[in-house]
Protein chains: 2
Amino acid sequence: MKRKPRHSKQRYEARAAIAKALAHPTRLIILEALDGQEMCVCDLTDLVGADQSTVSKHLAVLKQAGMVEDRKEGVMAYYRVKVCCLQGFWECIETVLAENLKAHQAMLK
Amino acid sequence: MKRKPRHSKQRYEARAAIAKALAHPTRLIILEALDGQEMCVCDLTDLVGADQSTVSKHLAVLKQAGMVEDRKEGVMAYYRVKVCCLQGFWECIETVLAENLKAHQAMLK
DNA sequence: TGGCTCTATGGCAATTATAGCATATATTGA
DNA sequence: TCAATATATGCTATAATTGCCATAGAGCCA
C-alpha cells in the first residue's frame with residue numbers, strides 16, 4: 001500500500017527538533033537530574049562534568065525545544081523540567097534497548 | 001540538592017542513540033508510514049521524495065537503532081516497525097509542540 | 001567602587017550527519 | 001546469458017553539532 005505523509009514537512013521538522021533535543025547523553029543526564037526538582041547551572045555543571053559554558057549551551061537547547069524552563073534568582077539560574085511526558089520516553093527507550101540487547105545476544109548463538 | 005548521574009555514561013549514550021534515530025524528519029515520516037504495515041524501499045522512496053540511496057540510509061539508521069526490521073522477498077526489501085511504544089513518542093512530542101505554541105502565542109500579546 | 005561569583009555568548013576547531021551521484025550486488029525474466 | 005529492476009554502499013561536498021576557551025554581563029558584598 002502506498003501512502004502520503006499525513007502531515008506537513010514543517011510538522012515533521014518540528015517533531016524532529018524535539019527528538020533532536022533529546023539526542024545527546026549530556027542532555028539526558030540533565031533531564032533526568034531535573035526530574036521532580038529544579039537545579040542551578042552550577043550544580044548541573046558539577047553533575048555532568050563538562051565546562052560550564054557547555055552545560056549552559058545544552059540547557060539553551062533544551063529550553064529552546066521547550067523541555068525545560070528557568071528561573072533567575074539573583075545571580076543564579078534554576079532550571080526545571082517543563083513537560084510531563086518524559087517518563088514515557090525513558091520507558092520506551094529502555095524497552096528498545098532491552099529488545100536490542102536480546103536480539104544481539106540471540107545473534108551470538 | 002546535588003545529584004550524581006543514576007546510570008553509566010554508556011547507558012546515556014545508548015539512550016541518546018535511540019533518540020538520535022528519531023531526530024530526523026524523513027525518518028519520522030518513514031516510521032509513521034510503517035505504522036501497522038510493512039512497505040518496500042521503493043514505496044518509501046516515493047513517499048519521502050528523496051533519492052533512493054538516501055532513503056536506504058535512513059532505513060539503515062532506523063534498523064541499527066532497532067526501530068525497524070526488514071524482510072527480503074526476491075529483489076524487494078520490506079521494512080516494518082519493530083517497537084511497540086512509538087505511539088507514546090508521538091503523543092509526547094505533540095504535547096510539547098502544543099505547549100510551545102501556546103507559550104509562543106502568549107508571548108506575542 | 002572593586003572584586004568575586006554565576007551564567008550566557010562569541011568564536012574557533014574538530015567531529016559527525018546528510019544528500020545525491022555513481023556504482024556494486026542480487027534477483028528476476030526474456 | 002543479458003537486460004531490467006530493487007536495494008545497498010562508496011564517495012564527496014556541504015551543513016550541523018559539539019566542546020572548550022575567552023569574555024561579557026549581572027548581581028552580590030565588603
Side-chain angles (χ1 to χ4, degrees), chain A residues 1-3 5 9-10 12-31 33-34 38-65 67-80, chain B residues 1-3 5 9-10 12-31 33-34 38-65 67-80:
Chain A
M1 179 167 67
K2 299 209 175 188
R3 288 198 171 184
K9 192 157 170 285
Q10 289 75 19
Y12 292 106
E13 281 167 0
R15 290 179 175 187
I18 304 292
K20 202 176 291 187
L22 295 168
H24 193 288
T26 298
R27 294 198 284 273
L28 296 185
I29 293 175
I30 290 173
L31 282 176
L34 293 182
E38 60 176 26
M39 287 177 74
C40 65
V41 178
C42 49
D43 284 347
L44 288 170
T45 300
D46 283 350
L47 179 77
V48 308
D51 192 86
Q52 176 269 318
S53 68
T54 300
V55 174
S56 210
K57 279 175 188 175
H58 280 303
L59 286 165
V61 170
L62 289 171
K63 183 178 172 181
Q64 162 70 27
M67 313 294 296
V68 303
E69 55 192 351
D70 63 326
R71 172 179 73 83
K72 301 291 168 60
E73 186 177 317
V75 76
M76 316 285 285
Y78 293 95
Y79 283 80
R80 61 181 173 279
Chain B
M1 177 167 70
K2 299 210 176 186
R3 287 197 171 181
K9 192 157 171 285
Q10 289 76 16
Y12 291 107
E13 281 167 2
R15 290 179 175 187
I18 304 293
K20 203 176 290 188
L22 296 168
H24 193 288
T26 297
R27 293 197 286 271
L28 296 185
I29 294 174
I30 290 173
L31 282 177
L34 293 182
E38 62 176 25
M39 289 177 73
C40 66
V41 178
C42 49
D43 284 346
L44 288 170
T45 299
D46 284 348
L47 179 77
V48 309
D51 192 86
Q52 176 270 319
S53 68
T54 300
V55 174
S56 209
K57 281 173 191 173
H58 280 303
L59 286 166
V61 170
L62 289 171
K63 183 179 173 182
Q64 161 69 28
M67 314 294 295
V68 303
E69 55 193 350
D70 63 325
R71 173 178 72 84
K72 301 289 168 60
E73 184 177 318
V75 76
M76 316 283 285
Y78 294 95
Y79 282 79
R80 60 181 175 278

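Labels below follow one simple rule: chain letters A, B, ... track the order of the sequence lines, proteins then strands, and each chain is numbered from 1.
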For a quick test of reading the model: is some side-chain N or O of B:T54 closer than 4.0 Å to OP1 or OP2 of C:dG20?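 It does, given that an N or O in the side chain of B:T54 lies less than 4.0 Å from OP1 or OP2 of C:dG20.
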
Do the side-chain N or O atoms of A:S56 get closer than 4.0 angstrom to the phosphate oxygens (OP1, OP2) of C:dA8?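 For A:S56, the contact criterion (side-chain N or O under 4.0 Å from OP1 or OP2 of C:dA8) is met.
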
Does any part of the side chain of [Y], heavy atoms only, come nearer than 4.5 Å to the side chain of [X], both counted from C-beta?
| X | Y | value |
| --- | --- | --- |
| A:H58 | A:I30 | yes |
| B:L22 | B:R27 | no |
| B:M67 | B:I18 | yes |

Send over the distance from [X] [atom1] to [N] [atom2], rounded to a whole Å.
| X | N | atom1 | atom2 | result |
| --- | --- | --- | --- | --- |
| A:Q64 | D:dT18 | CD | P | 14 Å |
| A:E13 | C:dA17 | CD | C1' | 16 Å |
| B:D43 | D:dA6 | CG | P | 10 Å |
| B:M39 | D:dT7 | CE | C1' | 15 Å |
| B:K63 | D:dT7 | NZ | P | 13 Å |
| B:L62 | D:dT7 | CG | P | 16 Å |
| A:L59 | C:dT7 | CG | P | 10 Å |
| A:Y78 | C:dT5 | OH | P | 16 Å |

Looking at the base of D:dA6, is there any donor atom on it, or on the side chain of B:Q52, that sits under 3.5 Å from an acceptor on the other one? no

Look only at the side chain of B:T45 and the backbone of B:V41, and say whether a donor-acceptor pair between them is shorter than 3.5 Å. yes

[X] [atom1] to [Y] [atom2] distance, which is reported to the nearest 0.5 Å:
| X | Y | atom1 | atom2 | result |
| --- | --- | --- | --- | --- |
| A:E38 | A:E73 | CD | CD | 8.0 Å |
| B:E69 | B:L62 | CD | CG | 12.5 Å |
| A:K20 | A:R15 | NZ | CZ | 15.5 Å |
| B:L44 | B:Y78 | CG | OH | 11.0 Å |
| B:R71 | B:C40 | CZ | SG | 10.5 Å |
| B:D70 | B:M76 | CG | CE | 13.0 Å |

Need to verify one output field. Residue with the more 5' nearest nucleotide on DNA chain D, B:M76 or A:D51?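 The residue mapped nearer the 5' terminus is B:M76.
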
Sugar-phosphate only, base, or nothing, as touched by [X] at under 4.0 Å among non-hydrogen atoms:
| X | answer |
| --- | --- |
| A:A60 | nothing |
| B:Y79 | sugar-phosphate |
| A:K57 | base |

Heavy atoms within less than 4.0 Å of DNA chain D: which residues of residues 19-29 of chain A have one? Give them sorted by number. A:K20, A:H24, A:R27

On DNA chain C, check which nucleotide each of A:A77 and B:G49 is closest to and give me the residue with the more 5' one. A:A77

Tabulated below should be each protein N or O lying under 3.5 Å from an N or O of nucleotides 25-30 of chain C; please produce it.
none

Measure from the side-chain heavy atoms of A:H58 and tell me the nearest of D:dA8, D:dG19, C:dT7.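 The nucleotide sitting nearest to the side chain is D:dG19.
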
